[in-house]
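The structure displayed is predicted, hence computed values, not measured ones.
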Amino acid sequence: MIYRIPQLFTILTLLLLPILTFAAESYPAKVIGITDGDTLKVLTSQKKQVKIRLAEIDTPERKQPWGNKAKQSLSDLTFQKMVTVQPVTTDRYGRLVAHILVDGLNVNRELVRTGNAWVYRKYMRDETLLDVEAEARNAKRGLWGLPEFQRIPPWEWRRKK
């Protein structure tokens, strides 16, 4: 079987990409900006700014009910703090997708626990997040205390826009 060089390159890239993506090591950084409830900007020890999308979760958009509160929650947890960035992948917009830890607390999970985020099922890897979300929903924490008609998952809201 003879492969053309571009086909071989594509095959090798598809095989190696998951390995290379998960090979990235955790690193410390300082949070210098909050874009919205699930996106922030950090400054690395090399003085490089990195925009990070929080992995496995999705928060209401700014113009959605609870959008500003989700952003404020992320800010309260991380702004101007030293965090540990645990890279997962890079999204189609070139942002790093990662888990963020503050003093060992997984911020992504905490946003779900406090009712400030949905589990983003399309990109979820940790199924225990579903239990955390169900607990927040049952306790009517955060966005789960809103009237049902206002609880539109962000991915559905974006699709309608």
Visitor: Evaluate the criterion side-chain contact (heavy atoms from CB on, under 4.5 Å) for residue pair Ile52 and Val42; output intermediate values, then yes/no.
Guide: CA-CA 8 Å; Ile52 298 174; Val42 300; 3.7 Å; yes
Visitor: First locate atom CG of Asn116, then atom CG of Asp76, and finally report the distance between them rounded to the nearest 0.5 Å.
Guide: 9.5 Å
Visitor: When clusters are formed by joining ILVMFWY residues with side-chain heavy atoms under 4.5 Å apart, either directly or through shared neighbours, do Val97 and Val83 land in the same one?
Guide: no
Visitor: Give me the other members of the hydrophobic cluster that Leu43 sits in, counting Ile, Leu, Val, Met, Phe, Trp and Tyr linked by side-chain heavy atoms under 4.5 Å, directly or via other members.
Guide: Ile32
Visitor: If a pair satisfies salt bridge (charged side-chain N to carboxylate O under 4.0 Å, His left out) and one of its residues is in residues 45-62, list it, with sequence neighbours excluded.
Guide: Asp38-Arg53, Arg53-Asp58, Asp58-Arg158, Glu61-Arg158
Visitor: Run the salt bridge (Lys or Arg N to Asp or Glu O under 4.0 Å) test against Asp126 and tell me which residues pass, sequence neighbours left out.
Guide: Arg109
Visitor: Residues two or more places apart in sequence or in another chain: which of them pass side-chain hydrogen bond (donor to acceptor under 3.5 Å, both in side chains) with Trp118?
Guide: none
Visitor: Linking I/L/V/M/F/W/Y whenever any side-chain heavy atoms sit under 4.5 Å apart, do Ile57 and Trp144 land together?
Guide: no
Visitor: Does one hydrophobic cluster hold both Met82 and Val85, with members joined at side-chain heavy-atom distances below 4.5 Å?
Guide: no
Visitor: Filter on salt bridge (charged side-chain N to carboxylate O under 4.0 Å, His left out), then keep only pairs touching residues 82-108, sequence neighbours left out; what's left?
Guide: Asp91-Arg95
Visitor: Shortest non-hydrogen contact from Val31 to Thr78?
Guide: CB-O, 3.3 Å
Visitor: Any donor-acceptor pair under 3.5 Å linking the side-chain atoms of Asn68 with those of Gln72?
Guide: no
Visitor: Hey, what do you get for OG1 (Thr59) to CH2 (Trp66), rounding to the nearest 0.5 Å?
Guide: 12.5 Å
Visitor: Could you measure the distance from the CD1 atom of Ile152 to the CG atom of Leu143? Nearest 0.5 Å is fine.
Guide: 11.5 Å
Visitor: Taking all heavy atoms of Pro65 and all of Pro60, pick out the closest pair and write down the distance.
Guide: O-CB, 3.5 Å
Visitor: Set out, in order, the CA-CA distance, both residues' side-chain angles and the distance that settles side-chain contact (heavy atoms from CB on, under 4.5 Å) for Leu77 and Ile100, then state yes or no.
Guide: CA-CA 10 Å; Leu77 287 167; Ile100 300 294; over 6 Å; no
Visitor: Could you give all pairs that pass the salt bridge (charged side-chain N to carboxylate O under 4.0 Å, His left out) test and reach residues 133-144, with sequence neighbours left out?
Guide: Arg121-Glu133, Glu133-Arg137, Glu135-Arg141
Visitor: For the atom pair CD (Glu110) and CG (Leu74), what is the distance rounded to the nearest 0.5 Å?
Guide: 11.5 Å
Visitor: Measure across Ser26 and Pro87 and return the closest heavy-atom pair with its distance rounded to 0.1 Å.
Guide: CA-CD, 4.1 Å
Visitor: May I ask you to check whether over 12 heavy atoms, not counting those of Gln80, lie within 6.0 Å of atom CD?
Guide: yes
Visitor: For Thr114 and Ser73, which heavy atoms make the closest approach, and how far apart are they?
Guide: OG1-OG, 4.4 Å
Visitor: Within this structure, what is the CG-CG distance for the pair Asn106 and Leu129, rounded to the nearest 0.5 Å?
Guide: 7.5 Å
Visitor: Ignoring hydrogens and angles, tell me if any N or O in the side chain of Lys81 forms a donor-acceptor pair with the backbone of Ser75 under 3.5 Å.
Guide: no
Visitor: For a quick test of reading the model, state the closest non-hydrogen atom pair linking Phe79 to Ile34 and the distance between them.
Guide: CD1-CG1, 4.2 Å
Visitor: Quick check: does any side chain N or O of Gln86 sit under 3.5 Å from a backbone N or O of Leu101, one acting as donor and the other as acceptor?
Guide: no
Visitor: Going through the distances and angles, do Val88 and His99 end up as a side-chain contact (heavy atoms from CB on, under 4.5 Å)?
Guide: CA-CA 7 Å; Val88 174; His99 286 273; 3.7 Å; yes
Visitor: Do Val112 and Val102 belong together in a cluster built from hydrophobic side chains that touch within less than 4.5 Å?
Guide: yes
Visitor: Please check if the number of heavy atoms outside Glu156 that lie under 6.0 Å from its CD is greater than 12.
Guide: yes
Visitor: Do Leu54 and Val50 sit in one hydrophobic cluster, given that two such residues count as connected whenever their side-chain heavy atoms are within less than 4.5 Å of each other, even indirectly?
Guide: yes
